[in-house]
Amino acid sequence: MNNKQKSMEVKGFRVIDDPRKSKSKNNSKSLEVTKIRVLKEPAPQEPTPKPELPKIVRPKGTWDDITPEDMADALMVDALGGSMIKKHGKWVSYEKNQSNIRETTIIIGNPTQQEMQEQAFDGDTEQTPTFEEEYIFERLNPIENAENIKPETPEYVQYNNNLNNLNNFEISQNPQEYQEPSPPIYIGKHVRKPNEQSDNDNTKENEDNFDDIWGSSELPKKSKQSDQTEKSKPKEKIKKSRLSAEKKFAIANVIGLGIFGFAVCLCLLVLPREQGFIKTENRNYTEKPTFSISSWFDKSYSAQMDKYYTDTVPHKEFFKQAGNKFCSLFGFSPDKVEIVAPIKQETSSLKQDNSSQIISQPENSSESSIESSNTESNIESSSEFSLPDPAEVTMNSGIMVVGDDENVRAMEIYGGGMEYGLKYAEYLNKYKEQLGANINVYNMCCPTACAYYTPQNYKDQIADTKSHIDNISKNLSGVLNVDAYSALAQHTDEYIYSRTDHHWQPLGAYYAAQEFAKVAGVDFSELNNKNYETKVKEGFTGTLYGFCQNELLKKYPDTFTYYEPKSEYQTTYYSTSFTNPQKSVLFFENAQSINTYSTFLGKDEEIAQIDNLENKNSRTLVIFKDSFGNALVPFLVNSFEHIYVCDIRYFNINAIDFINEVKATDLLFAVSMFSCSGEKINYIENNRLH
Amino acid sequence: MVFSDLYFLYFFLPLCLCLYFITKKPAIRNLVLIAFSLYFYSWGEPIWVVLLIISSVIDYINGLVIDKFRGKPQAKVAVIWSLIANLGILFFFKYSGFFIENINNIFSLSLDVPKFNIPIGISFYTFQTISYTIDCYWGKVKTQKNFFRFLMYVSLFPQLVAGPIVRYQTIAEEIDNRSTSIEDISYGFSRIITGLAKKVVIADNISPIILSLFGDKKDGYVNLFSENTACVGGMWLGAMLVGLEYYFDFSGYSDMAIGLGRIFGFHFNENFNYPFVCKTIQEFWQRWHISLGEFFRDYLLYIPIFGKRRKYFSLFLVWFCTGFWHGASWNFIIWGLYYGIFIFIEQLLGKKKLKKVPQFILQIYTKFVIIFGFGIFYFENSKALGYFIKSAFGTTGLKLLNISLKNIFFNNIWLILVALLLSLPIIPTIRKTMLSRKDTAFVYRTSAIVCNFALLILSSVLLIAKENHPFLYYNF
């Protein structure tokens, strides 16, 4: 302590080694020496005898404040001649000049983590340095000036703890006032000793040194050891207890995490995996892949294995809910509106065969007489239900979830597309042109929920349904427009749209069908117990829940109420090329959870023919629809003698030929807003041109 | 295989650790590491694992040749051959499509554009082998005489597929001789969990926000163009989130790599050092993807082929390469040169002048440049990039703010705030202050263990609950 204070008095410098004792004098002239002293410390118990001279600079700041050029400046090492290497978080400079090679370790600023761990407990003991200490170094002039220096008056240089001032060394020359300091502690690394004989044999020496420094793999190891011994020796006593404390934590950490990791590992290997069908996602759990050479090389084995490993974790549903719960902590919904990012679903995996979920044969509860069960099972087994493919739900803009508690409602955000609308009208006009005056062509654009239920202040975030419909209807020529938008708008306080599904409720379809019947001038069976049998399915969590997995939606699922006409009719399904007729039912009662909407017609693809056995008005309706159209069919059964239902997306024959072949009198296009103002209009045009 | 995957965390890794630590002989341990590394790599690239081995063989032989003919022309030939082979492989798989596309565009030809799937991690391991051969030639490292040790270096799975670019000289001694202490394993575990949490808890949950603001490459950036939802504020928020996502994703990966390396006794260099606290753009690049910056600095910037003008010419060459390395697309080149320009300006001004500028102005300037830079980085098609640049400065007539931005922001406000806070060096500060006293050190260490558990469980749950995202830097 005395030492320190005394040296403080010296011109404000807290230095310094006794220059007369400096070994630099004894060294080869060619050596440039820089030393560092750690201040504020009393002498360590034992001095560190070092045969070689370290060169250490430890200014404050962080590693990255310093560029190699800075470093080179600081040490007068030309970064090009020598080189700076960052080694375990320390800069090591190698410099080669005429007569010797020097390795310098520079430790700058913040300690590395490892160092800090080593030093962590030393901070509270006064004997040991912390990294915040100031360091000062002394520099002797390089060789050129060596003769100018008198040994009695060396330069003392204070390092300002600031790299940018490296060039502005402050110098004092007052060895007289200087008191013998405590022996220095060297923090740092081993330094190569310059070769004493270097003067004699320059070139050979160079090469040897070169190999020695660059080539020897023992060198760094050795230095590490010396580093450790230097540090630990003086404080062996203190460190013993400290280290063990630190080690205890390390051991606890390793053992704890190790046991946890291996336990989970074992659980995943041993516990029975989830398998079968996932209701909430409407798909099967991934199956364990079987190894084969080909599946290995086309990466399918590894991909499926990765998937299997995560997908079939025991109690997957629990983890999924926990994860979703955590994610709901990320923020809040200022207007009770949440916009869910568009979710990319892998359709391939969703479409995997879900044989276990094939809907079993429907009960013959409906009055329609169905004879053979073969045909049924046939059509049923091909009825794979899955989340609508992305072509069906345009998830580009995402899903908006509004309202709280039982009023919660998810809606697709409608993005619009005026140009598509124009083209759509144009395509429909072509149908009318080609079909002539004898066949009535109708257009019904089915609005989606967001047309009615978007909160006022979010209205300008979505495209306006009404103006899009007007845009289409204005450009129709000869095609009759069915204004479903206005028809539904009068009933928005009724249950006309599902809250968890992107489709409408059968009731919504009823109002649209009513409007259509009015335009088409056909009889229409009002909704009452005489005409229809009401059936209810509870717990309907639809596609939008499937996409956004919102907890509230799950808590408050939809009720799906549908109406079976009591009249006598029969339903036949054909392939998409209008071949292979098979009799079946119109209502698939076993459709459930996410697929509840598939109660109508089972699935979209096939062409369905519904013949009313009571109504003989000799009108034949052909409906080109997307999935929205399915719900219309039951309400039109009584209005037409024959109905053919075709999906615009899965139609493989020429539409005009087909319409003529079935002797249609009416042609209805019933598609959702997403289909009539998006890419899907091309299906309509293609069907005409097949 | 990715690190953030249950199969890796709870099958591959425990198995690997078991086998590694029950064997005692270094040679067998090396073999275990090689076997698991090749298993790791061929899991994702069952065919191109051959390329990895070929590349190792080439550079192993080059190393031997250089050693034998040191100072003779043969050594030079070996270096050049190594450069040609490695850069050739890289060019062939990564850039040939891009070049032919551009040649087609310029000369209106219709050459077949080769469509390769870029082998995973090729950008990283070719650079590593290059660094080995050059360092051999420069005499910075001793030639590795044992092929298996060299193969272990190249294929070492912690750093194989997405960096950091670990140079041979960094771990040269440890390849030959290394040991693991219990502290190393503890540190490694903690580091792996930190990285995993960064990736799974933060980065993966930021990505859907970006998706709803911008859309992505696959859907043609629909939401960027959507008049209903896009706004000027959204451009900047989105670009900032891209920066955060990449930071947490890539630094998380680097953390995991460093932690894994430490368990096996390797000390990799840090790859990230809280880049967002930087005061200059130069500093940013000394804190962001450090291993890449150092690679270009040491092997490209300081080769004295440009004479005295190296400062200017090679500076732009370095930044061109940095950009181009990230992907065969114009936006990456623009992005690289964009940084080059700012660094060029900073160098012209000089350190002293920059020091005089008030802190907060420097902070605003750097954050502005960085955030806008990430915007450029994100949009890989030129139409979207142009639209973003114009919209960010309000020249496309978009509103400054809109309600959908408000919604997106508040829906994720805590996540964004936490991400911003953690991108600053808060944890190191806490660690430092708490470790300086004995009683707080105890609290710190205890809570560190608790946090390890909490984060591991949370990350695992999220891994199960959510669709898996691969690390972003797999694409590069």
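These figures come from a predicted structure and were not determined experimentally. Chain identifiers are assigned alphabetically (A, B, ...) following the order of the sequence lines, protein sequences preceding nucleic acid strands; residue numbering begins at 1 within each chain.
- No side-chain heavy atom of B/Ile464 sits less than 4.5 Å from a side-chain heavy atom of A/Lys320.
- When side chains are defined from C-beta on, B/Thr446 counts as touching A/Phe249, because their heavy atoms get closer than 4.5 Å.
- By number of non-hydrogen pairs under 4.5 angstrom with chain B, the leading residue of A/Ala322, A/Gly256, A/Ala303 is A/Gly256.
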As a quick check of understanding, evaluate side-chain contact (heavy atoms from CB on, under 4.5 Å) for B/Phe11 and A/Leu269, giving each step before the final call.
CA-CA 8 Å; B/Phe11 182 75; A/Leu269 287 174; 3.9 Å; yes
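- Considering only heavy atoms from C-beta on, B/Asn205 comes within 4.5 Å of A/Cys327 through its side chain.
- Taking 4.5 Å as the limit, some side-chain heavy atom of B/Trp43 sits within range of a side-chain heavy atom of A/Met305.
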May I have the step-by-step check of side-chain contact (heavy atoms from CB on, under 4.5 Å) for A/Phe330 and B/Phe410, ending in yes or no?
CA-CA 9 Å; A/Phe330 289 162; B/Phe410 282 109; over 6 Å; no
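- Closest non-hydrogen pair, A/Asn253 versus B/Ser186, comes out as ND2-OG, 3.0 Å.
- No side-chain heavy atom of B/Met1 sits less than 4.5 Å from a side-chain heavy atom of A/Ser302.
- At a 4.5 Å heavy-atom cutoff, the contact between A/Ile251 and chain B is made by backbone and side-chain atoms alike.
- Heavy-atom distances place no part of A/Leu266 under 4.5 Å from chain B, backbone and side chain included.
- Between A/Lys248 and B/Arg445 the shortest side-chain heavy-atom distance does not fall below 4.5 Å.
- Only the side chain of B/Ile193 comes within less than 4.5 Å of a heavy atom of chain A; its backbone N, CA, C and O stay farther away.
- The distance from the OG atom of B/Ser212 to the CD1 atom of A/Ile399 is 12.0 Å, given to the nearest 0.5 Å.
- Residues B/Tyr10 and A/Phe262 keep their aromatic ring centres 6.0 Å or farther apart.
- Looking at every heavy atom in both residues, B/Leu6 comes nearest to A/Thr310 through CD1-CA, 3.9 Å.
- The contact between A/Phe326 and chain B is made entirely by side chain atoms (from C-beta outward), counting heavy-atom distances below 4.5 Å.
- For chain A, the nearby parts of B/Ser42 are the backbone and the side chain; heavy atoms of each come within less than 4.5 Å.
- For the atom pair CD1 (B/Ile192) and CG (A/Leu257), the distance works out to 9.5 Å, reported to the nearest 0.5 Å.
- With a 4.5 Å cut-off on side-chain heavy atoms, B/Trp414 and A/Leu329 do not count as touching.
- For B/Ile185, the parts sitting under 4.5 Å from any heavy atom of chain A are the backbone and the side chain alike.
- Considering only residues two or more places apart in sequence or on other chains, A/Tyr309 meets the side-chain hydrogen bond (donor to acceptor under 3.5 Å, both in side chains) condition with none of them.
- Taken to the nearest 0.5 Å, the SG atom of A/Cys265 stands 10.5 Å off from the OH atom of B/Tyr7.
- Counting heavy-atom pairs closer than 4.5 Å to chain A, the top residue among B/Asn412, B/Leu417, B/Ile457 is B/Asn412.
- For chain A, the nearby part of B/Leu458 is the side chain; its heavy atoms alone come within less than 4.5 Å.
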